[in-house]
Structure formats: C-alpha cells, structure tokens
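Working notes, beginning with the structure itself.
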There are 2 protein chains.
Amino acid sequence: MPTVSSEELAAAAGVNSAKLRKDFSYLGSYGTRGVGYDVEYLVYQISRELGLTQDWPVVIVGIGNLGAALANYGGFASRGFRVAALIDADPAMAGKPVAGMPVQHTDDLERIISDNGVSIGVIATPAGAAQQVCDRLVAAGVTSILNFAPTVLTVPDGVDVRKVDLSIELQILAFHEQRKAGEESAADAADGTATPAVAKDHRKGPDGDVPAVMPA
Amino acid sequence: MPTVSSEELAAAAGVNSAKLRKDFSYLGSYGTRGVGYDVEYLVYQISRELGLTQDWPVVIVGIGNLGAALANYGGFASRGFRVAALIDADPAMAGKPVAGMPVQHTDDLERIISDNGVSIGVIATPAGAAQQVCDRLVAAGVTSILNFAPTVLTVPDGVDVRKVDLSIELQILAFHEQRKAGEESAADAADGTATPAVAKDHRKGPDGDVPAVMPA
DNA sequence: ATGTCTTTGTGAACGCGTGCACAAAGATGG
DNA sequence: CCATCTTTGTGCACGCGTTCACAAAGACAT
C-alpha cells in the first residue's frame, strides 16, 4: 500500500508538516501512525471534500478570445467540470464549433441552464453586457458566477461571485519588479519618502504583500 | 481641494478605517488631521508605490486564444503596462495582426526583449513549451514571469514567477456550491465523517477558505 | 508478547495582523 | 487668539492562525 508521510508532503508543498496534519485532521482524513497516509484514500477524501468527485456542468457566456480559451482549457475536465454549453449574443457565432461544440445563442440561455441543471456560470463577455448576463443567469437558477469581465457584479444574497482580473497578477509582478530595481540604487530620490517596510519574502501567499486597498 | 476621510474610504472598500490609515502611514502618505486625504495626491502616491506610474513593457508569448485575449485586454494599458510584442512559435502566425500589432516569431525573442528593455514576460503557450520559453525569457533578461500554462516553472533565484490557474477560481466556487447543497439536507450520509468547521463567511479574502494543499 | 521505532493527532505557546481607543494636529469659527 | 471640532497617526491589547513539542497509536522486529 503506497503511503506518504506528512513530512514528505509538507516538504513537497513547502509548508509546515504540523499545519498539514492539522488541516487533514479537519477533513477527517485518518492516517496511520508510524506509517503515514494511504495515498489513494487521501486523494479520494480530499477530492471529495473539494467537490472534485462531482460533475459540475458549467456554461460559458461570451465566446470571444477569452471564452474560447476557457472552452479549450484542459484543466476543467480533470477537475470535475464539464462545459455544458457555450453561449454568445452574436447571431453570427451561433452554430459555429468552438472546442468541439456548437456555440448557442443567448436567447436560449434560460432553457440551457434549466435543461442541464447548471448552477455555475462563467461570464467572459465585454464589461457592458456582464451585469445583464449575470441577472439572466441568476434568474435561471445559477448560484455561482465566475466573472472575467472588468465590472463588479451585483447579485442577490445566496449567489456567489468571484471576479478574475487578469491584470492583477501582472500588477503584483510589476510591484516586486519595481522593488528589485529600487534596491540596486538604494536611495529613493523622489521626495524623501522612505521605502516602506514590507515583508521581503513575497513568494509565500497567493496574493503576496500587496496592500488591501487599490485604486480602481 | 477634494478630500476623502479614511472613514469614507474604509466604508467604500469594506475594511476597517484604522487598518486603512495604518496602511497609508506605511506608504508615507500624509493626510491632514481634521480634513482627510487630498484625493489627487493620494492617488498619485498609491499609484507610484504600486508602480502604476511607470511604463512596463511586456511581451506575450503564445498567441493562441488566451494570448490573443490578453493582447486585447484593455485593463493592461490603464495599469501602466504596454504590450511591447506578441510572440508565437507558429510561422503561420508571424506577421498576422492581433490586437493591432503583428505577431512575431519566437526566433526573434531575444532581440525583442533586449531592444525593448522588457523585464516582464507573459507565457500563454501550451504546457509543453512553457519551460523552454521561460528559460529563453530568463536568459534574455526577463526577471518576472506570469505563467498561464498549466506547469510549474523552474527559474533561477531572483526571478519571480506567478502562476495563474484559470480553473482554481472555478474550483473554489464549486467548493462553496457543494457546501450550499449540503446545508439543505443537513446530514453527511457518506461515512459518518463530520463536516469540518470552516469559516462561514467565504466572501472575505481573495482565496476564500480553501485548504493550502491540493492534489495536482 | 514485548520493546523499539516511526509518525500521527493535538494541546499549548508564540507571533503577527487587526481593531480599539486616544492623544496630537490642524482646521474653523467666534 | 482661544475654543471647539474633526480626523489623522499610532501605542496597545486582543484574537486567530501557525508552529512547536509531545503523548498516543500503531507497525515491525525479535
């Protein structure tokens, strides 16, 4: 029976082994003392807890470059997602095959959602259309929305929205890049403002050490 | 002179006003007691600190659907980024206009980087090509890489890499969606495993309450 | 069986970030 | 010029998450 110890996993993931064990204990995963965790059982338990064992039908609305990229993205299928439909407002797109499936027109949005029991929608439309699409998705029964459009969506309680801003990560890189450059010529010529003391190791968290508040 | 108080800003951003003031104090931004912060000056200071006032030339390598989507993305320009070049390995793509600029061939990668003084590169290639592209970017002088390819890149010290996984956000939504469904029929039939005690309000942080360790 | 050795699961301590609360600073009005 | 009022900047305390450290549990050898 192939097993892994928390120590091995922690080293691989770059985290503390105690934290890892504590996390696993929250999930109810049971290892065997003196041996470690049964790999297969552990993978199954974590997958189940994360919802990877379920089949989540999703619709992608807005089949531009980004929508097409998402439709073709291989990572979805392996994580339990199934693209149930591609929807676009452009009649010229209707019927065109993208990622091996025909694009459908926005008119059929409600029917598609309901027929496929879709509860997760992806919005990849231009900013102007996003809120309207969002409202229709929600009205049709979607309760989770992944928003790639550069707008803040308003939704009723009980609906989750996550906004993906493709430029934020780039901005974080630029932030650190700037700091690198500043370290070489140590002084901050501009106006005597001292360089703020921010944690040096910015490879830790997913969002680094960027302040909470940014200008829009 | 238009001003804002930390209280107003905090309410708008949904954070604590003391934290906001403390953050600002780290940036060396000075407000005026009894008045607040001069909006224009504050915006400038924050922009400067985040590197938004600089002009960052970036190259996008891999002009598939995603690369094209990124090239067309409007959010870059407004945040201080300038797409200096689009690069693709496919000779058939060379010269084709995407987002108003001609795609260039990978052969010229080194020259493009050096001519434009590029220090930030975006990789939107298939997984198989990513590491090789990465190595060439780094060798040519790039010190920050935004990786959209589903691979973990290996880079020398001093080079920053940020990986964007388009399915992670979707997975987080599915995780909460699953929980929503589970709350209706309260019991966890499966195997007597108790539902782990995780923070209920998952709309706070950018990465919600998903455990640190996930299967690849 | 009994002892040793490995690794888990977790109570307790530590450290850090958040939020409270207030003194200091400056505006504004009399 | 003084009093009052608003809002900043920050010391301090609290709470939470991470890490330490160890007892308990089980495997494995003798």
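Naming convention: chains lettered A, B, ... in sequence-line order (proteins, then strands); numbering from 1 in each chain.
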Quiz item: How many Å lie between CG on B:Leu42 and P on D:dT7, as a whole number?
Solution: 16 Å
Practice problem: Rounded to the nearest angstrom, tell me the gap between atom CG in A:Asp23 and atom C1' in C:dT10. | Solution: 13 Å
Quiz item: Nearest-Å distance, CZ (B:Phe24) to P (D:dT8)?
Solution: 10 Å
Quiz item: Can you tell me how far C1' of C:dT7 sits from OH of A:Tyr37, to the nearest Å?
Solution: 9 Å
Quiz item: Mapping A:Thr32 and B:Val4 onto DNA chain D by nearest heavy atom, which one lands closer to the 5' end?
Solution: B:Val4
Quiz item: D:dT10 C1' sits how many Å from B:Leu27 CG, rounded?
Solution: 16 Å
Exercise. Scan for salt bridge (charged side-chain N to carboxylate O under 4.0 Å, His left out) pairs involving residues 141-150 of chain A, sequence neighbours excluded, and state none if there are none.
Key: none
Can you tabulate the close N/O pairs, meaning under 3.5 Å, that link protein atoms to atoms of nucleotides 2-4 of chain C?
none

Exercise. Establish, with yes or no, whether the OP1 or OP2 oxygen of D:dT7 is under 4.0 angstrom from a side-chain nitrogen or oxygen of B:Tyr30.
Key: no
Counting only pairs under 3.5 Å, give me each side-chain donor-acceptor contact of residues 6-17 of chain B, with atom names and distances, residues two or more places apart or in other chains.
residue: B:Ser6; atom: OG; partner: B:Arg21; partner atom: NH1; Å: 2.9
residue: B:Glu8; atom: OE1; partner: B:Ser5; partner atom: N; Å: 3.0
residue: B:Glu8; atom: OE1; partner: B:Ser5; partner atom: OG; Å: 3.2
residue: B:Asn16; atom: OD1; partner: B:Ala18; partner atom: N; Å: 2.7
residue: B:Asn16; atom: OD1; partner: B:Lys19; partner atom: N; Å: 3.3
residue: B:Ser17; atom: OG; partner: B:Arg21; partner atom: NH1; Å: 3.4

Quiz item: salt bridge (charged side-chain N to carboxylate O under 4.0 Å, His left out): which pairs involve residues 133-153 of chain A, sequence neighbours left out?
Solution: A:Glu110-A:Arg136
Exercise. Any salt bridge (charged side-chain N to carboxylate O under 4.0 Å, His left out) involving residues 56-66 of chain B? Give me the pairs, sequence neighbours left out, ordered by first then second residue.
Key: none
Quiz item: Which residue pairs pass the salt bridge (charged side-chain N to carboxylate O under 4.0 Å, His left out) test with at least one member in residues 54-73 of chain A, sequence neighbours excluded?
Solution: A:Asp55-A:Arg82
Quiz item: Does any non-hydrogen side-chain atom of A:Ile145 lie less than 4.5 Å from one of B:Leu173?
Solution: no
Self-check item: Partner set under side-chain contact (heavy atoms from CB on, under 4.5 Å) for B:Ser114, not counting sequence neighbours
Solution: none
Quiz item: With a 4.0 Å cut-off on heavy atoms, is A:Ser6 in touch with a base, just the backbone sugar-phosphate, or nothing at all?
Solution: sugar-phosphate
Quiz item: If you pin A:Glu7 and B:Val35 to their nearest nucleotides in DNA chain C, which one's is more 5'?
Solution: A:Glu7
Practice problem: Apply ring pair (Phe, Tyr, Trp, His ring centres under 6.0 Å) to the pair B:Phe76 and B:Tyr73, showing each step before the final yes or no. | Solution: CA-CA 6 Å; B:Phe76 289 158; B:Tyr73 184 58; 5.1 Å; yes
For nucleotides 19-23 of chain D, tabulate all protein N/O to nucleotide N/O atom pairs closer than 3.5 Å, reporting atom names and distance.
residue: D:dT19; atom: O4; partner: A:Lys22; partner atom: NZ; Å: 2.9
residue: D:dC20; atom: OP2; partner: A:Asn16; partner atom: ND2; Å: 3.0
residue: D:dA21; atom: N6; partner: A:Arg21; partner atom: NH2; Å: 3.3

Quiz prompt | Set of residues satisfying ring-ring contact (aromatic ring centres under 6.0 Å, His included) with respect to B:Tyr37, sequence neighbours excluded | solution = B:Phe24
Exercise. Round to the nearest Å and state the distance from B:Tyr26 atom OH to C:dT18 atom C1'.
Key: 10 Å
